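Notes for the one structure printed next.
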Amino acid sequence: MSYGEIKCLSQYAFLFYFYVFFFSPSVILLDSKAQQTELEWISSPPSGWEEISGLDENYTPIRTYQVCQVMEPNQNNWLRTNWIEKGDAQRIFVELKFTLRDCNSLPGVVGTCKETFNLYYQETDSEVGRNIRESQYVKIDTIAADESFTQGDLGERKMKLNTEVRIIGPLSRRGFYLAFQDVGACIALVSVKVYYKKCWSIIENLATFPDTVTGSEFSSLVEVEGMCVSDAEEEADNSPKMHCSAEGEWLVPIGKCICKPGFHQKGDACEPCGRGFYKASSQDLQCSRCPARSYNDREGSWRCDCEDGYYRALSDPPSAACTRPPSAPQNLVFNINQTTVTLEWTPPADTGGRSDVTYRVVCRRCTWDPEECVQCGSNAVYAPQQAGLTDTYVTISELLPHANYTFEVEAVNGVSDLSRTQRLFAAVSIATSQAAPSQVSEVIKEWVQQRSVQLSWQEPEQPNGVITEYEIKYYEKDQKDRIYSTVKSKSTSATVNNLKPSTAYVFQIRAFTAAGYGTYGPRLEVTTKEEATGTISREGGLVLVFYLVINGVVKFPGTKTYIDPETYEDPNRAVHQFAKELDASCIKIERVIGAGEFGEVCSGRLKLPGKRDTAVAIKTLKVGYTEKQRRDFLCEASIMGQFDHPNVVHLEGVVTRGKPVMIVIEYMENGSLDAFLRKHDGQFTVIQLVGMLRGIAAGMRYLSDMGYVHRDLAARNILVNSNLVCKVSDFGLSRVIDDDPEAVYTTTGGKIPVRWTATEAIQYRKFTSASDVWSYGIVMWEVMSYGERPYWDMSNQDVIKAIEEGYRLPAPMDCPPGLHQLMLDCWQKDRNERPKFDQIVGILDKMIRNPNTLKTPVGTCTRPISPLLDQSTPDFTTFRSVGDWLEAIKMERYKDSFTAAGYSSLESVARMSIEDVMSLGITLVGHQKKIMSSIQTMRAQMLHLHGTGVQV
Ligand code: AMP
């Protein structure tokens, strides 16, 4: 590189001229002054140059050569130095110090006296002997004195020392001689110094640059590669270089070395990082303290090790804190729609210190008995995906119908796979229902009349099971579907009757399979024909009124599935999943209305912001509860909160974040059904009673569609509101039954309300919707007998025995035979023979539409196929008196009436008819019924025991 290039660099690239000036010592090859002994240079002729000892200006002794042949013409005196080995030098500096006498000051020397001398050199590889061959010398220069000296006025000499420097080179041989030619001057050669220049070894930018001899030309620079100091390395593509100038100066450092990982720069060296510090990259300037959750206990570390239980992902830089796998996702909730499950959750409480949390879902299909789970396989479809989920939800579809699945949602981060600790996940167990049938899309109007329409349709493209029924929903177009009716059909056609003439109706059809209803197909509008004479059917009107009054809102079950809150590890989570947390300030408790197992039941008002205040029942948890009691108490809310049906008691919300803990339920003005009926004994029409039963059946249909088995369906667990709408209530798991005073321990273990419970549930705890149907039959009996106790005061053991032997409750008084038949159907021993709630609703609807079928003359109730007989106690024949018997059936108030009318023996009582009972002045229909049904049982018992026929 030349100076010109460097200048260019400086202007163009570096923007400043980086010029480093270092001290620039020379390497001396010859210094005549430094030698104290004789120089012994060669002088030719010997009479010419003469070696003389003297003192320099500092009075230091020196060796000099002098010549002063100024008087003689044609002088040619040579003086040659000893051989000078040049070493590395290419460019040699020759510094001469001399004095020269001014010829003018010498008298009589004109023509011979000179004032210059010549300097020569000869290159050789070795010494060449003592002869001087002039021709072999190369002239360097003619040297003149800048200042010659003269004789002073006082006669003393005034010495004027001249210094001249000449440069020779480039030299190529190993050494050289210098020669001084005098041609007649008066010279004293005070000192001869021969040297070359060198750039001395330095450390610059952590690189060592060795001693470097300058270039041969004045304008040349010697490029020198630097060597990194120990524990340093060259910066990538930037190796260290410097330039040694002709003047022995280091110029233009380029590139550099940097301390290796684990070392940092201190001055011109790299030192190891201390303990607890690290330096990951040579590019980093400083050592840094170990990041969080990491440590090291040795010097010179490029990284720190993670503490136990903490990790660094492969992609984590050493500067990253050590992290750990996240905790489990929180608040995992799911939504199931047939065979599609949507899971949602909230991020884990502890992300492990990382921001790369994603989620993955593990799906297992399980059988519970024996409990075995297998991976879900490739059939399940995950959207958006199964793993690497960044959002907190996933939908899993195409699951098998009617299967139990467990889903585990795990939060993972960059170090999850490194950790050997146990996986943390949130899990839910879900049972799928079967896919419901697809839409019935093509509906054809076969014919239309004034009051009827016949429709036909195609089976849906995907029945997803055996279609057992179609439901045709229809409503007057003007009414929208606020009020609608339905008819059912087992085939793909149906005639809808009882329509109004000249009225536009809208029809929609949906199919039903074991998996539930499909969605309604498109609307078909049909206008009935004009009627010539035209009055509106009474029955049609009645149906509509029934739907309005009895059911309030008409709503059909969906296919939502009930989730057992016990599947939640954290019961609190279950509560908040299904129940709204209410602010206690929105609730006003007014009075105590009952006592529950966990505390008082109160009535009060709920005023939610922006809503009208409503009457509510408030169940409270008494103070001093245990954690288990709190959990069991709230369990009811977790269950109730999942339901939304006009015949299922509606949960308003819970208060769990304050005291007392409360469950807030819609207020049911008339309290529980059994007490309500007893209070209004005999006061309702059969239609009203059937309306109540219809409501209960609809509620149960909804619950069974959701897969919820009640286990404790009884009139005492039905609540009645001011519109006589009956709603199923009292939800819970085992605790409801524990809580039920009717529940008793059975030999199979566990408490069971024997009188309401199906045989298989008593015998081997097989609780299903079919066992709920049995209980429903008992509720029917309770309703139709205005709250009579099923099996009266028979012992539980006797009830179990009687049922086992095939005996069933007789029809209550005034009970339409169709209804009693329905009860008996509910009490079929084979649970598969029992009707489903859906069918029960259908049958009751039919009865309501055709009130004639419900007409039963008083006292002509059909006898049960197998009248219930009690073979042990209470044995009517063992009652000593009519009084005993009346006491047993809690009708002792009529003792006197019986005695007054002459009924003194049980035999005479057994012959009584309803008219006889009425003639005693017993006017309350419920009491009449109670007495009559007891008399009927008494008769049956007598018949059974004595074979005596009793005439009615
Ligand atoms: P439970 O704890 O459900 O057995 O309730 C005890 C009593 O409180 C019941 O027998 C009812 O009389 C009364 N009760 C419970 N819930 C309600 C409600 N939602 N509306 C009116 N009364 C209720």
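Keep in mind that the numbers below use all heavy atoms, side chains included, and drop hydrogens, waters and symmetry copies. In listed order, ligands and their atoms are each counted from 1. Small disclaimer: the values here were computed from a predicted structure and weren't measured.
Atoms of ligand 1 lying under 4.0 Å from any heavy atom of Leu719, numbered from 1 in the order shown and given with element: 16 (N), 17 (C), 18 (C), 19 (N). Less than 4.0 angstrom separates some heavy atom of Val601 from each of these atoms of ligand 1: 5 (O), 6 (C), 8 (O), 14 (N), 15 (C). Every atom of ligand 1 is numbered from 1 in the order shown, and the set under 4.0 Å from a heavy atom of Asp730 is 1 (P), 3 (O), 4 (O). The contact set between ligand 1 and Gly596, taken as ligand atoms under 4.0 Å from a residue heavy atom, comprises 2 (O). Interface of Ala617 with ligand 1, defined as ligand atoms under 4.0 Å from a residue heavy atom, comprises 17 (C), 18 (C), 19 (N), 20 (N).
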>> For a ring pair (Phe, Tyr, Trp, His ring centres under 6.0 Å) check, start with the C-alpha distance between Tyr562 and Phe578, then their side-chain angles and the critical distance, and finish with the verdict.
In response: CA-CA 11 Å; Tyr562 159 74; Phe578 301 118; 8.3 Å; no
>> Quick one, Thr759 with Glu804, criterion side chain to side chain donor-acceptor pair (under 3.5 Å). Give me CA distance, side-chain angles, the key distance, then yes/no.
In response: CA-CA 7 Å; Thr759 46; Glu804 250 325 276; 4.8 Å; no
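Both the sub-6.0 Å distance and the 45° axial angle are not jointly satisfied by Lys619 relative to the ring of Phe633.
With contacts defined as side-chain heavy-atom distances shorter than 4.5 Å, the pair Phe643/Phe731 qualifies.
Close N/O approach between Glu666 and ligand 1 is found [any backbone or side-chain N/O within under 3.5 Å].
Taking a 4.0 Å cut-off on heavy atoms, Ala595 registers as neighbouring ligand 1. Using a non-hydrogen distance threshold of 4.0 Å, Glu669 does not register as a contact of ligand 1. Look at Ile593 and you'll find a heavy atom under 4.0 Å from some atom of ligand 1. Using 4.0 Å as the threshold, Lys619 has a heavy atom nearer than that to some atom of ligand 1.
Taking the six-membered ring for Trp and the full ring otherwise, Phe837 and Tyr776 have centroids separated by under 6.0 Å. The ring of Trp781 has its center closer than 6.0 angstrom to the ring center of Trp792.
With atom 10 (O) of ligand 1 as the reference point, the heavy atom nearest to it among Ala615, Ser672, Ser603, Gly671 is part of Ser672.
Shown are Val754, Ile778, Asp798; of these, the side-chain contact (heavy atoms from CB on, under 4.5 Å) with Tyr791 is made only by Ile778.
Between the Glu666 side chain and the Glu652 main chain, no donor and acceptor come within less than 3.5 Å of each other.
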